[in-house]
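One structure below.
Values below: all heavy atoms of this structure, side chains included; hydrogens, waters and symmetry mates excluded.
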Amino acid sequence: VQLQASGGGLVQAGGSLNLSCAASGRTFNVFVMGWFRQAPGKAREFVAIRKSGDSPYYSDSVKGRFTMSRDNAKNTMYLQMNSLKPEDTAVYYCALTLKLWSGSYGYYTSPARYDYWGQGTQVTVSS
């Protein structure tokens, strides 16, 4: 499985960006997928998670501003980011796991749960 993330860039505070993550190599609709981000000097943190057939689960820091979605026909998932803040500045990564669902969204907030990662796309929000 390969993941290709894109859509990052430089935007002013209050602006929007839509990140994409295209998957190849395997049927897309059976995974747990996630978006994570990593700011300089900080640990990678979860942003949004989606179990196949379920609604997304968001971190408190982005809830109400970010929307995770997927297009199974295109094997692509998205992260629509609105009302961006300078503290959203980070490299954003998409990830997925092939393992069976382990029972809680909390379990999947750890980057260690994921088998495959995209290369990351930089998001910079200026104040």
Under the ring-ring contact (aromatic ring centres under 6.0 Å, His included) definition, can you give me all pairs with a residue in residues 65-101, not counting sequence neighbours?
Trp101-Tyr105, Trp101-Tyr108
Is any NZ, NE, NH1 or NH2 atom of the basic residue among Asp60 and Lys63 found under 4.0 Å from an Asp or Glu carboxylate oxygen of the other?
yes
Run the side chain to side chain contact (heavy atoms under 4.5 Å, CB included) test on Asp115 and Lys99 for me, step by step, so that the C-alpha distance in whole Å, both residues' side-chain angles and the decisive distance to 0.1 Å come before the verdict.
CA-CA 8 Å; Asp115 305 306; Lys99 298 182 180 66; 2.4 Å; yes
What pair of heavy atoms forms the shortest contact from Ala5 to Gly120, and how long is it?
CB-N, 4.5 Å
Step by step, work out the side chain to side chain contact (heavy atoms under 4.5 Å, CB included) result for Glu87 and Ser61.
CA-CA 10 Å; Glu87 51 263 43; Ser61 62; over 6 Å; no
Between atom CE of Met68 and atom OG of Ser55, what is the distance when rounded to the nearest 0.5 Å?
11.5 Å
Reported CD-to-CG distance for the pair Gln80 and Leu19, which is rounded to 0.5 angstrom
8.5 Å
Within the structure provided, determine whether Trp35 and Met77 are in side-chain contact (heavy-atom separation under 4.5 Å).
yes
Is a side-chain donor or acceptor of Asp54 paired with a backbone partner of Lys51 at a separation under 3.5 angstrom?
no
Please give me the minimum heavy-atom distance between Gly7 and Leu17, naming the atom from each residue.
O-CD2, 3.9 Å
Run the side chain to side chain contact (heavy atoms under 4.5 Å, CB included) check on Thr97 and Tyr116 step by step: do they pass?
CA-CA 6 Å; Thr97 177; Tyr116 299 95; over 6 Å; no
Is it the case that the side chains of Ser6 and Gln4 hold a donor-acceptor pair, with the cut-off being a distance below 3.5 Å and no angle test?
no
dist Ser69:OG -> Arg50:CZ (nearest 0.5 Å) comes out at 7.0 Å
Would you indicate whether Gln2, at its atom CD, is surrounded by more than 12 heavy atoms from other residues, nucleotides or ligands within a distance under 6.0 Å?
no
Side chains of Thr121 and Val91 in contact at under 4.5 Å (non-hydrogen atoms):
no
Between Met81 and Val123, what is the shortest heavy-atom contact and its length?
CE-CG2, 3.8 Å
Rounding to 0.5 Å, atoms OH (Tyr58) and OG1 (Thr109) come to a distance of 16.0 Å
Please answer: with hydrophobic residues joined when any side-chain heavy atoms are less than 4.5 Å apart, are Phe46 and Tyr107 in the same cluster?
yes
Please determine if Arg44 forms a cation-pi arrangement with Trp117, meaning its NZ or CZ atom is less than 6.0 Å from the six-membered ring centre and no more than 45° off the ring axis.
yes
Test of understanding: clusters of I, L, V, M, F, W, Y form through side-chain heavy atoms closer than 4.5 Å, transitively. Do Leu3 and Leu98 belong to the same one?
yes
For Ala90 and Ala39, work out which heavy atoms get closest and say how close.
CB-N, 3.8 Å
What one should report as the nearest heavy-atom pair of Ala13 and Pro86 is CB-CD, 4.1 Å
Roughly how far, to the nearest 0.5 Å, is the SG atom of Cys94 from the CG atom of Leu79?
10.0 Å
Looking only at side chains, do Thr76 and Asp71 share a donor and an acceptor under 3.5 Å apart?
no
Separation between CZ of Arg37 and OG1 of Thr89, rounded to the nearest 0.5 Å:
9.0 Å
